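These notes are about the structure you will find just below.
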Number of protein chains: 2
Amino acid sequence: MDDNYYMQQALLEAKKAFDKDEVPIGAVIVINKKIITRAHNMTEQLNDSTAHAEILALTSAYNFLGSKYLPGADLYVTIEPCLMCVGAMYWSKLQRVIWGADDEKNGFKRITGNNFPFHSKTKITSGILKSECIQLMQAFFKQKR
Amino acid sequence: MDDNYYMQQALLEAKKAFDKDEVPIGAVIVINKKIITRAHNMTEQLNDSTAHAEILALTSAYNFLGSKYLPGADLYVTIEPCLMCVGAMYWSKLQRVIWGADDEKNGFKRITGNNFPFHSKTKITSGILKSECIQLMQAFFKQKR
């Protein structure tokens, strides 16, 4: 059970979003090697632009644990989070955030530049299964054109 | 019905949060001079660190209107929004965002610096009923010490 395994699980969520005609982004949250929540983007279905995979995964985790902090948790997401999602991750005090492919248009880095927007206790990793993550997005937007 | 009036309404929400021992921040969303949603911070009550006044107000507005965008809407909030809330506002394509007092510790500006994180169609105003907004926060944190 390594980063590739958990990202593969996040990709399965992203594929569920794809099949529902949602922007295909998926996320899982892991504590002690166990996946406690799985979520995918549902902004169209819920008519709610806050319903990104990461926000839904965080809210599920808070409900599941009865806590508004997730200090021992790792969040895997297929695409670089947006500013909203990074802000939400800041409050959750995650142990790690791991994403697949960068998102030059909507990713947080375009806005935060060199400032580190995560909690000081959070470590970040990117590029895990990058090709698979980006290919799903490209396939989605190609069919939309 | 001007900015002061709507900020006063957001302050009434902030006072509800104060009375529930929540960080006292309130928000209202206005379309065509009519308040369509009112919300206050509920992170303790919901055990959910995404439950900021602004996120709850946005989600209510999406549900109320059946739309995931709010192009003709103005969001009033008593305190400078955090990164999560600003990111959520970006996606909502609000007409205006108006806040009372700046928040040097948790406000978005500390992270975004000179980059403008709102949607290009969104106009921002700050400093409305600034003293009342900050006094409520100070009273809250004073009693916590």
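Chain naming here is simple, since letters A, B, ... match the order of the sequence lines and numbering starts at 1 in each. Bear in mind the structure is a predicted one, so any value in this text is a computation, not a measurement.
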Distance-only check: which donor-acceptor pairs of chain A and chain B lie under 3.5 Å?
| residue | atom | partner | partner atom | Å |
| --- | --- | --- | --- | --- |
| Glu44(A) | OE2 | Lys68(B) | NZ | 3.2 |
| Asn47(A) | ND2 | Gly66(B) | O | 3.1 |
| Ser49(A) | OG | Tyr62(B) | OH | 2.7 |
| Ser49(A) | OG | Lys68(B) | O | 3.2 |
| Tyr62(A) | OH | Ser49(B) | OG | 2.7 |
| Gly66(A) | O | Asn47(B) | ND2 | 3.1 |
| Lys68(A) | O | Ser49(B) | OG | 3.2 |
| Lys68(A) | NZ | Glu44(B) | OE2 | 3.2 |
| Ile111(A) | O | Asn115(B) | ND2 | 2.7 |
| Asn115(A) | ND2 | Ile111(B) | O | 2.7 |

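Phe64(A) meets the ring-ring contact (aromatic ring centres under 6.0 Å, His included) test with no other residue; sequence neighbours excluded.
The hydrophobic clustering, which links ILVMFWY residues whose side-chain heavy atoms are closer than 4.5 Å, places Ile55(B) and Leu65(B) apart. One hydrophobic cluster, built from ILVMFWY side chains closer than 4.5 Å, holds both Val30(B) and Ile128(B).
In terms of heavy-atom pairs under 4.5 Å with chain B, the best-connected choice from Pro117(A), Cys85(A), Gly66(A) is Gly66(A).
Neither the backbone nor the side chain of Phe108(B) comes within less than 4.5 Å of any heavy atom of chain A.
Contact check for Leu58(B) versus Ile29(B): side-chain heavy atoms found under the 4.5 Å cut-off. Counting heavy atoms from C-beta outward, Leu94(A) and Phe118(A) have side chains that stay 4.5 Å or more apart.
Within the hydrophobic cluster formed by Ile, Leu, Val, Met, Phe, Trp and Tyr side chains joined at under 4.5 Å, directly or through other members, Met42(B) is accompanied by Leu46(B), Leu56(B). Think of Leu12(B) as one node in a network of Ile, Leu, Val, Met, Phe, Trp and Tyr side chains linked at under 4.5 Å; it has no links at all.
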